[in-house]
Amino acid sequence: MSEIHPTAPTVFLETFGCQMNELDSELVRGALTALGYRFIEDWTTANVVLYNTCSVREQAEHKAYSRLGLIAQRKRAGEQVVLGVIGCMAERDGKDMFRRYPQVDLLCGPGELDRLPNLIENTRKMQSLGEDAPRLSKDARSALAGNKSRRSTTLAAADDNLELLDLSRAFEPVNAASERRSAYVRITRGCNKFCTYCVVPNTRGAEVHRPPGSIVEECRRLADSGVVEITLLGQTVNHYRYVHGAAVGSDGLERPQIGPGLGAFRSSAVLSAGTRTTTFADLLARIHEEVPHLQRLRFVTSYPRDFGADVLGVMRDAPRICNYIHAPAQSGSDRILKLMNRGYTVREYLEFVERVFDFLPDATIAGDFIVGFPSETDEDFEATCALVQRIPFKNNYIFKYSPRPGTVAIDRFADDVPLETKKARNNRLLDIQTEVSRRVHESWVGREVEVLLEQVRTHNRQEKPVGAHISREASATLHPQSKNVELAWQRTKPLQGTQLLGRTPGDLITVIDVPEGTWGASLGQIRRVRVTGSSPMLLHGTLL
Ligand code: SAH
Ligand code: SF4
Ligand code: F3S
């Protein structure tokens, strides 16, 4: 670790969007800290302000744009500050953002984050020359993949410096300052699915799979440093597939590899029999076996198609892999699923769920739905409601369709469901889901569960939560799960005494009343709990 100098440049970093972005922010933080930057939680004084942005829905972009105005004010007041927009919105907007938001100094897409420190350094150098110094060209101020990431079909193209960023991750031992018990590990970057509504294949580029050796090593080092729970990340995590021997560097080490859909299909035709492949099931089994001191292993997001019995078999046989599956269905209407290009029917989704419960009777399933997709009729929507009623979803994130530039849907289909209808469908589906969630949580009452204790609340005062996802970013956008926690808390009775809060392997949030002053040592531990009660979003229990 580098010494932190009192005059070290300060950085404020705010993260929007998904877990991928949270992980990217953590890696950026590590890389910049190693270069001597100091992270602070005050955007009004930071020398460098970075927004790690999301483009998945228009609303997500609005949040980031509103922040840019705040920094413009600082600049107008004559302050020297570097403003960087990084992540998916930088990639989607491209250099046009410089024109529309002249206060933005630099842009860096999610596939180019290894170049971010350089961009920042260069901008700082130019700024230090004073107001009259020429501004760097737009090219010199941006690192964007453009179409490159989708055009590259060679395996060599995947042998990128970005991998170094994942590998450069800092492994701090758990202590009072870092308090990290949960961590993300990326297994796949990008996406090849091209669901018609979705920007991610454009912003994150082609699917690239990291070599299993690197992934296992990263998990091992995190577990060594005290991490209790690892969540593997990918947009379609179960499509992970690594063909050994196809992408080896001159140093003999395996490199990231373009996934099925592009180069890999071509190379698999070339590859002869006997080539060894690591599938997602193999990868799970390897991590479980080779990192025995990791207590919990989970993964998001699963694609409902091709979720094979091989994966379910590994989950059944490996006790430390959590029986939790987040596999968005998106719609309950075959016609809409087809327009979405999701590649499965409602029947196939139901068969998938049936298979999950055959293998894992205790599993919890969660997902996402989009309401108001172009041309969605009342009948289509009723089919979605019926699907949600039919499956014991622990929870579903429900989104109103938002047309996104660069997607197929915005070009081909008119956004013809009125906003009022989208809102009404959103609320109705939420009500149905709340009832389903209530039943799911109720079904656990009377049972014993293991809970990873993460937060403590006492006398209505919420202590700093434990867990990398929640506490590390200044004013971080909370992990969707923690938003649920907040909501659930707001709905619970005023607190008396002290409560511990954690999650079961199935990701059910559990609240435990404990005597005053007894919680200190238990945070970050997994404890057995008897479930004594429930509400739509919570289990209540007592420590055993
Ligand atoms: N890779 C994951 C999802 C990533 S995006 C998967 O395929 O399941 C997270 C969620 O945002 C999606 O599941 C979808 O429900 C929602 N979403 C994506 N694009 C959207 C759009 N244009 N409008 C509304 N919701 C959208
Ligand atoms: Fe988007 Fe579909 Fe890829 Fe998920 S699978 S990231 S929804 S294109
Ligand atoms: Fe958003 Fe990009 Fe994630 S668009 S959801 S931050 S992959």
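All residue numbers in this chain count up from 1 along the given sequence. Order of listing sets the numbers, starting from 1, for every ligand and every atom in it.
- Within the 4.0 Å heavy-atom criterion, neither part of Gln59 lies near ligand 1.
- The nearest pair of heavy atoms linking Phe39 to Leu13 is CE2-CB, 3.9 Å.
- Which parts of ligand 1 touch Tyr401 is read off a 4.0 Å heavy-atom cut-off, strictly below it: atoms 23 (N), 24 (C).
- Look at Glu435 and Arg438 and you find a salt bridge, because one of the NZ, NE, NH1 or NH2 atoms lies within 4.0 Å of a carboxylate O, short of that distance.
- Thr301 counts as a contact of ligand 1, since one of its heavy atoms falls under 4.0 Å from the ligand.
- Atoms of ligand 1 lying under 4.0 Å from at least one heavy atom of Asp368, given by number and element, are 9 (C), 10 (C), 12 (C), 13 (O), 15 (O).
- Considering only heavy atoms from C-beta on, Tyr101 stays 4.5 Å or farther from Val85 through its side chain.
- Within the listing of ligand 3, atoms 1 (Fe), 4 (S), 5 (S) sit less than 4.0 angstrom from a heavy atom of Val56.
- Remark: distances from the non-hydrogen atoms of Met340 to ligand 1 are all 4.0 Å or more.
- Summarising the contacts of atom 21 (C) of ligand 1 with Gly234, Cys195, Ser402, the nearest heavy atom is found in Ser402.
- With ligand atoms numbered from 1 in the order given, ligand 2 contributes 6 (S) to contacts under 4.0 Å with heavy atoms of Val200.
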Inset, instruction - Decide ring-ring contact (aromatic ring centres under 6.0 Å, His included) for Tyr344 and Phe352; before the verdict, give the C-alpha distance in whole Å, the side-chain angles of both, and the deciding distance to 0.1 Å. - result: CA-CA 10 Å; Tyr344 52 84; Phe352 150 71; 8.7 Å; no
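- What sits closest to atom 1 (Fe) of ligand 2 on the protein, heavy atoms only, is Cys198 SG, 2.3 Å.
- Looking at heavy atoms from C-beta onward, Tyr240 lies in side-chain contact with Pro212 at the 4.5 angstrom threshold.
- Close to ligand 3: Arg204, with a non-hydrogen atom less than 4.0 angstrom away.
- Looking at Ala329, Pro328, Pro201 and measuring to atom 8 (O) of ligand 1, the nearest heavy atom belongs to Pro328.
- Around atom 19 (N) of ligand 1, the closest heavy atom drawn from Tyr397, Tyr197, Tyr303 belongs to Tyr197.
- Between Lys400 and Glu58 there is no salt bridge, since none of the side-chain N atoms of the basic residue sits less than 4.0 Å from a carboxylate O of the acidic one.
- Distances from atom 2 (Fe) of ligand 3 show that Cys18 has no N/O/S atom below 2.8 Å.
- Contacts of Thr236 with ligand 2, taken as heavy-atom pairs under 4.0 Å, involve the side chain alone.
- The ligand atoms of ligand 3 that sit less than 4.0 angstrom from a heavy atom of Asn21 are 6 (S).
- Looking only at side-chain heavy atoms (C-beta outward), Asp378 and Arg425 come within less than 4.5 Å of each other.
- Under a 4.0 Å N-O distance rule, the pair Glu348/Arg305 does not qualify as a salt bridge.
- Residue Gln235 places a heavy atom under 4.0 Å from ligand 3.
- Under the 4.0 Å criterion applied to side-chain N and carboxylate O atoms, Arg99 and Asp96 are assigned as salt-bridge partners.
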Legend entry - Full working for side chain to side chain contact (heavy atoms under 4.5 Å, CB included) between Val408 and Asn341: CA-CA 10 Å; Val408 168; Asn341 189 30; over 6 Å; no
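- For the pair Glu454 and Arg181, the salt-bridge criterion is not met [side-chain N within less than 4.0 Å of a carboxylate O].
- A salt bridge links Glu351 to Arg347: one of the charged nitrogens lies within less than 4.0 Å of a carboxylate oxygen.
- Close contacts between ligand 1 and Arg57 involve ligand atoms 11 (O), 16 (C), 17 (N), 23 (N), 24 (C), 25 (N), 26 (C) [criterion: under 4.0 Å to a heavy atom].
- With ligand atoms numbered from 1 in the order given, ligand 3 contributes 2 (Fe), 4 (S), 6 (S), 7 (S) to contacts under 4.0 Å with heavy atoms of Cys88.
- Within the 4.0 Å heavy-atom criterion, the part of Pro201 lying near ligand 2 is the side chain and not the backbone.
- Protein heavy atom in closest approach to atom 2 (Fe) of ligand 2: Cys195 SG, 2.2 Å.
- No heavy atom of Arg204 sits closer than 4.0 Å to any atom of ligand 2.
- Here Lys422 pairs with Asp415 in a salt bridge; the nearest charged N to carboxylate O distance falls below 4.0 Å.
- Classification of Asp282 and Arg286 as a salt-bridged pair fails, no side-chain N sitting under 4.0 Å from a carboxylate O.
- Residue-ligand proximity, Arg404 to ligand 1, at heavy-atom distances under 4.0 Å covers atoms 22 (N).
- Within the 4.0 Å heavy-atom cutoff, Ser55 counts among the residues contacting ligand 3.
- At a heavy-atom distance under 4.0 Å, only side-chain atoms of Phe399, from C-beta outward, approach ligand 1.
- Not a single heavy atom of Lys193 lies less than 4.0 angstrom from ligand 1.
- The backbone and the side chain of Val56 each have at least one atom closer than 4.0 Å to an atom of ligand 1 (non-hydrogen atoms only).
- Here Gln235 has heavy atoms under 4.0 Å from ligand 1 in both its backbone and its side chain.
- The protein heavy-atom contact nearest to atom 7 (S) of ligand 2 is Tyr197 OH, 3.4 Å.
- Proximity of Phe194 to ligand 2, defined as any heavy-atom pair under 4.0 Å, is confined to the backbone N, CA, C and O atoms.
- Close approach of ligand 2 to Gln235 is summarised as follows: ligand atoms under 4.0 Å from at least one heavy atom of the residue are 6 (S).
- Ring geometry, Phe373 versus Tyr197: the interplanar angle exceeds 60°, so the pair is classed perpendicular (tilted spans 30 to 60°).
- Looking from atom 4 (Fe) of ligand 2 to the surrounding protein, the closest heavy atom is Arg342 NH1, 4.3 Å.
- Looking at atom 1 (Fe) of ligand 3, its nearest protein heavy atom turns out to be Cys54 SG, 2.3 Å.
- Only the side chain of Gln330 comes within 4.0 Å of ligand 1, counting heavy atoms alone; its backbone N, CA, C and O stay farther away.
- With a heavy-atom cut-off of 4.0 Å, Cys191 touches ligand 2 through its side chain alone.
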